[in-house]
Every structure is written in C-alpha cells, then in structure tokens.
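Here's the structure we're looking at; comments come further down.
These values consider heavy atoms only, across backbone and side chains, with no hydrogens, waters or symmetry-generated copies. Below, read A as the first sequence line, B as the second, and so on, with proteins coming before strands; counting in each chain starts at 1.
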2 protein chains.
Amino acid sequence: MNQHTVTIEDVAAAAGVSVATVSRALRDLPNVAPSTREKVRAVAAELSYVSNPSASRLAAGRTGTVAVVVPVFDAWYFSSVVAGIEAVLKAVNVDLLLYAVGNEADRVSFFAGRGAWWQRSDALVMVDVALGEESAQRLASSGARIVTVSGETEHFSSVSLDEHAAAATATQHLIDRGHTRIGVLTGESLSAGFRVPLVRLEGFRHALRTAGLEVDPSLECSGNFSMEGGAEAMAALLDGPNPPTAVFAMSDEMAFGAIAEVRSRGLASPQDVAIIGFDDHQMAELMGLSTIRQPVETVGELAGKAVLATIQKTAAPISHQIVETQLMVRSTT
Amino acid sequence: MNQHTVTIEDVAAAAGVSVATVSRALRDLPNVAPSTREKVRAVAAELSYVSNPSASRLAAGRTGTVAVVVPVFDAWYFSSVVAGIEAVLKAVNVDLLLYAVGNEADRVSFFAGRGAWWQRSDALVMVDVALGEESAQRLASSGARIVTVSGETEHFSSVSLDEHAAAATATQHLIDRGHTRIGVLTGESLSAGFRVPLVRLEGFRHALRTAGLEVDPSLECSGNFSMEGGAEAMAALLDGPNPPTAVFAMSDEMAFGAIAEVRSRGLASPQDVAIIGFDDHQMAELMGLSTIRQPVETVGELAGKAVLATIQKTAAPISHQIVETQLMVRSTT
DNA sequence: TTGAAAGCGCTAACAA
DNA sequence: TTGTTAGCGCTTTCAA
C-alpha cells in the first residue's frame, strides 16, 4: 500500500487554491464559495484523493472511531449487539474497533494505564464487561467517554434491562404453572466481576420467596452459559436426591443443552421437566423454548446512539436506558 | 478525553535524553544502551506515557491495524471466523477494524475509490465478500494487501475449502443411504456476486450425475441461508408433486428450519425425509443434524496469520490454503 | 550509542 | 471568502 499517494497539497495545487480551502471544501465546512467547493470536489475526485486519517486525527485530535469491547465475539448475544452498534456507526461514517477480552489477562491489559483504546478511538462501548467502581471513577475523571451495556455505573451512560425483574418473571411463570421444586442453571460470568448472573439469581430467589417457596441451594447449578455446561448442570440436577420439576436457565444456550439432556434420558418438556430460558436466541422459537426475550438489536442501537452522543455533543448528559423484556411462552413450559 | 496528555517530549525531558532515544528505547529498537533503555522505560511508566497512535502512524506510514469485512456479523459463521482472526491479531497487538457490507450499497461505497479501509489499516481480510476480477486486479496493482476467505483469486492469498467436493460428499452420503430423489436448499449469496452457493450447487449436481441420478430443477429451492428460509423452502419441496426423500441444505441454519418444518408436519428425520446440512453449527450436534463440518476457528486463524504475513514481510508470497471438511453423520440421515 | 532536525498530511487559528 | 502558518506527536535519516 505504498505507491505515490495524492495529498491535500496535490489537490490544492491542481485546483489553484490553498490547502486550507481544500480542507474546508471537502469537509463541508462553511465559508467556502459554492463554485470553489465544486471545483475542489471535482479535482479531488479526478485525482482519487482520499484524506489521510492519521494526519487528520493527529491534527484534529479526534479519531472518528469507536471501540467496542466484548467478552467474546462468537456468541449470539454479543455479535448481535455489535451488529446493532455497527449499523448506527456506519450511518455516520464512524469506524468500529473491536476488542475481545475473554480472559482476565486480556481484561487487565486492556484496561491497564488509560486503556488500550485510549487515543485509538474517541469513545468506548463496553458490553457485559465488568468495570469496578474505582476503575470507573478513574476513567471518568481522566475524561474517558464510555457507554456500558449491562453494567450500569453512575459515571457513564448505560443501556441495560431489569435483570432482577426479568429473572423473577421467568421464575414466576414456572410457579404459575404449578411447580414448587424449581431449579436454576446459573453461570459464572464470562467477564470476571460481572454482576448480571448474580442479579438474575437474586431475582430467581426473590420470586421463590415471594411465592412462599423455599430457596434450596442444591437446586442451583452452574452451567457456565454454554450449551455443554447447561447439559451437565441439568444432568447434575436430575441426578440429585430430589430433582426439580422445572428449571430456569439464565441463557437460552444453557437451556438448549438442558433440553438435549432431558431428551437423551427419554424424558420430555414440559411433562417431566419444564424449562424456561433467557435471551430469545435465534433458535429458541424453533426449539419451542419458552424464554425471556431481550431485544438485542435495540440494545446495540441504543448503545450506538449513546456513544455517538458522548463524542458529538459537548457534555452530553449521562443517561441510563432500560430496555423492555418480554415473556415468550412456548412449548417447554 | 482531553486532559493534558504526556508526550514523548515530556518523557525525553524527564529522562534527560532526546526524543529519538525515547522512541528507540520504547520500541525495542537496537542501538540503545541497556541502562538508557531502562531509565526511559522507568520514566515512561512513571508518567503513564502512551504513544499517540495517530502521530506514529502518520510518521511511520503504518497503522498497526487490520480491517475485516464480512457480509453481516450476527451470523454464527461470520462471528466465529472474526473471533479466530481477532485472536491471532491480539497476540501481536494489531487492532481490528470491523466492517459489515450487508447490502449492495454498503459494498459499493466500501470499495469505492481505494476502499474505505485505505490508510485506516495496513491490510484487509474479506470474508465471503465477492471481489470481481477487475476490482481484484485494480486493488492488487494499487498495492492493496488483502486476504480473502472463501473467494480465491490469483492476486491475493486466500483461505478456503473445497466447496465442490464438500457438497458432493454431502450429496453422496444421501445417495449411499439409498435415496434417489434428493432435494437441495440453496441460497442467494449474502454478498452479491459471491460464488460459493453456485459451486456447492454444482457439487450437488455432480454427485447426482455421477450416481446416474437425474438432476431435477424442481428439487432445487432457495432458502436464503436463513432458518425461516430453510423452513419455507422445505415446505415448498414437500408440497411439490413429487417430494424428495432426502435434502441437502447448504447451511445448517437452513437445515434447522427444514427440520422444524418436517416436524411441524408430523413427519420425522430420517424416516420420512433425511436431512444433511453444511457448517457444523454450534447447535448441530444437539439437533442431531448430519452435516459437513468446516473448521471455522481454523479458518479465522489461518486468515489472521496470512494477513499478518502480508504486512510483516516484504513481499510475502501469495498462498492459497484449503482447509479440510469432514462428514459428520448424526441422526437426521 | 545518541541527538538534531526534517518531515508525515492534515487542521485551525489568525490575517488578509 | 481565502490564504498563511504554526503546530499535532511521532519516526527516521544523517551526523556527531
């Protein structure tokens, strides 16, 4: 990618104007005579001029780029959210830098110092990545522009859902179906320190207590948010001394694993074990899985708009948006 | 993200050396006295110095960034490949810019001029995005560094699989099971002009002919590479005058849709209709779907390494890597 | 081994 | 409305 590159000076010379005028004309800034703007545009097109982003970033102090950090990328939820963000960024020609911080080492090095995205992007969207209070404070006071998805802090705008209520709704649905021994497939967070699984667990327990049911720790089993983990956790629950008649899986993928495990034992849902998931994964409908729908594309879209607000306005107010979830009753309950 | 930023000059001053020395010391270049290097490192750490990427890019003419373009990323295959690429780039601290060119307009504007990634990245990975011969030639001669996944050209390194053979293998498997009326769920490419679906179709037909079976266009139906499309295409086939007893779906997601359609009619696989997919999607095993496994993470990894080669070496030779596919026989056949 | 200095290509005062 | 010019922060010859 070398070749002789045509610069703003070449355009200026060819158009018979100064580089400043070329810069203004091409960026649609005011105070350029229409005829001049036209001529500059024509010459630029003729020469296939493309402004050098590194130079303009250095001079302007802006990158026109947003960084997005996720725990992993090859999971339905995350790639969907990123897709939503990308769509809104593309519309305003902002680039998207992607970082995955799957393990603790990645996470630490990503946030070390001012953060790996520092100066490479104007702002950061953190999707389901934990941000401790101290770090949040430090970043906020160092002027970082951040939007968090599912991880509200007082320092930055956020997009999230009412995890507690959603988990309670799922659990209540099982209770409404007459179940009294209800298990839960939990998971350590994909991102250390991330609280969502805990909040969902609290919502689950809360619903049980509210219904006068006992909270039995032996009915809580980690499925690690994966299909395999869900199958194993389901197996553990079914092999227990007093197996549940219904199970709430904190993710659809775990629920899929659970369904597979149930079927492999010649049992059926909901007859032998009712199952409800969380997400409304692309395949949930096909599997007939009852679940809590969360509008992933909307989450991405709102996060994208929020992050644009942080870089476009001066001092955009911090906003905390809550998206609605919806109980989807299908055939597994 | 303003605040006063510490620059290389601050470090130089504090360490009592020149900026050139700081630059060398921090980038591990030779010809720096060990003691000097140590001191510079210490001072830089003390000051929390981070070099400004825009400035270094401008000066060095390299971006340390790779762009990846996919048709969409909220699809299992693409997010998996991107994850594979990301992993190898992260290991060498190269940033990843992500672009989706889902529709023709995006595609055109992305490739207009020297391409949107021009000067924002050192090289580009194109995953399942069509690149016409003329464009390829133009880009190659303009010095673009590109790696294609599933879209071999003579101009750039590529990673792909033998689509023709893989499709034939899937079809042959159905033939081996004794089927003689075999349908296929095809799809327009997600990326206009992309030939993979056509090549798979040819492989399918080739297998039929080789087995002495007739090629019946009425048994070829587009499912658009989506679950819904797969279900609809399957319905169309089953409602035809002479329905197939087996079906090859060009993607697992279409196969899932087909399975759902079959089940919804009270039919079963493989008894009433055998189904084989293509991908070995995360959920294929759970669904008991026979399929052609393609090693997505490996594809991403190879593509990542290939693209690094294009920017690290001077004149890395063009390589065309073929990854192996594998027939996974499960319960739908 | 180290430093001086000339850019890299652009933006944004400020002047005209 | 347009031009002049001083940087933006770094890399990289070339000299010392």
Side-chain angles (χ1 to χ4, degrees), chain A residues 1-41 43-44 47-65 113-114 118-122 314, chain B residues 1-41 43-44 47-65 93 113-114 118-122:
Chain A
M1 294 207 175
N2 10 53
Q3 307 276 313
H4 172 253
T5 295
V6 13
T7 71
I8 197 172
E9 273 192 90
D10 300 325
V11 178
V17 297
S18 72
V19 295
T21 298
V22 175
S23 178
R24 290 188 203 105
L26 260 23
R27 284 182 301 149
D28 291 326
L29 292 187
N31 297 326
V32 177
S35 60
T36 308
R37 199 187 297 277
E38 267 325 299
K39 181 168 40 171
V40 170
R41 279 195 186 133
V43 171
L47 268 44
S48 306
Y49 168 70
V50 186
S51 94
N52 181 316
S54 301
S56 91
R57 287 169 188 189
L58 177 59
R62 272 174 279 97
T63 63
T65 301
R114 299 196 116 126
W118 175 253
Q119 292 185 131
R120 319 181 102 77
S121 57
D122 298 331
T314 25
Chain B
M1 293 208 174
N2 11 54
Q3 307 278 309
H4 171 254
T5 296
V6 13
T7 72
I8 197 172
E9 273 193 272
D10 299 325
V11 178
V17 297
S18 72
V19 295
T21 299
V22 174
S23 179
R24 291 188 202 104
L26 260 24
R27 283 182 301 147
D28 291 325
L29 293 186
N31 296 326
V32 177
S35 61
T36 307
R37 198 185 297 276
E38 266 325 299
K39 184 168 41 174
V40 170
R41 278 195 186 134
V43 170
L47 268 45
S48 307
Y49 167 70
V50 187
S51 94
N52 181 317
S54 300
S56 90
R57 287 169 189 188
L58 176 59
R62 273 175 277 97
T63 63
T65 301
N93 261 300
R114 300 196 114 126
W118 174 254
Q119 290 185 129
R120 319 180 102 77
S121 57
D122 298 330

Review point. Can you tell me how far C1' of C:dT2 sits from CG of B:Leu29, to the nearest Å?
Key: 13 Å
**Study point:** Between C1' of D:dC10 and CZ of A:Arg120, the distance in whole Å
**Key:** 14 Å
**Study point:** Close approaches to DNA chain C from residues 30-41 of chain A, in residue order (heavy atom, under 4.0 Å)
**Key:** none
Can you tell me how far [atom2] of [Y] sits from [atom1] of [X], rounded to the nearest 0.5 angstrom?
X       : Y       : atom1 : atom2 : answer
A:Thr21 : A:Asn31 : OG1   : CG    : 10.5 Å
A:Leu29 : A:Arg24 : CG    : CZ    : 8.0 Å
B:Asn93 : B:Thr65 : CG    : OG1   : 11.0 Å
A:Ser54 : B:Arg62 : OG    : CZ    : 11.5 Å

Review point. Would B:Val22 and B:Glu9 satisfy side-chain contact (heavy atoms from CB on, under 4.5 Å), going step by step from the backbone distance to the final call?
Key: CA-CA 9 Å; B:Val22 174; B:Glu9 273 193 272; over 6 Å; no
Between [X] and [Y], which heavy-atom pair has the shortest distance, and what is it?
X        : Y        : answer
A:Ala55  : B:Leu58  : CB-CD1, 3.7 Å
B:Asp122 : B:Gly64  : OD2-N, 2.9 Å
B:Leu47  : B:Ala14  : CD2-CB, 4.2 Å
A:Val50  : B:Gln119 : O-NE2, 3.5 Å

Side-chain N or O of [X] versus OP1/OP2 of [N]: is the shortest distance under 4.0 Å?
X       : N      : answer
A:Arg62 : D:dC8  : no
A:Thr21 : D:dG3  : yes
A:Ser23 : C:dC10 : no
A:Ser18 : D:dT2  : no

Interface polar pairs with nucleotides 13-16 of chain D, N/O, under 3.5 angstrom:
none

Point to revise | Angle between terminal axes - the helix from C:dT1-D:dA16 to C:dA16-D:dT1, 5 pairs each end, rounded to 10° | key: 30°
**Study point:** Pairing residues for A:Ser48 by the side chain to side chain contact (heavy atoms under 4.5 Å, CB included) criterion, not counting sequence neighbours
**Key:** none
Exercise for review: For A:Ser23, enumerate each residue passing the side chain to side chain contact (heavy atoms under 4.5 Å, CB included) test, keeping only those at least two apart in sequence or located in another chain.
Suggested key: A:Ile8, A:Arg27
Check your understanding: Given B:Leu26 and B:Val40, is the side-chain contact (heavy atoms from CB on, under 4.5 Å) satisfied, shown in steps?
Key -> CA-CA 7 Å; B:Leu26 260 24; B:Val40 170; 3.6 Å; yes
Review point. Any sub-3.5 Å donor-acceptor pair from A:Arg57's side-chain atoms to A:Arg120's backbone N or O?
Key: no
Table of protein N/O atoms under 3.5 Å from nucleotides 7-9 of chain C N/O atoms:
from	atom 1	to	atom 2	distance (Å)
C:dC8	O2	B:Ala59	N	3.3
C:dG9	N2	A:Ala55	O	3.2

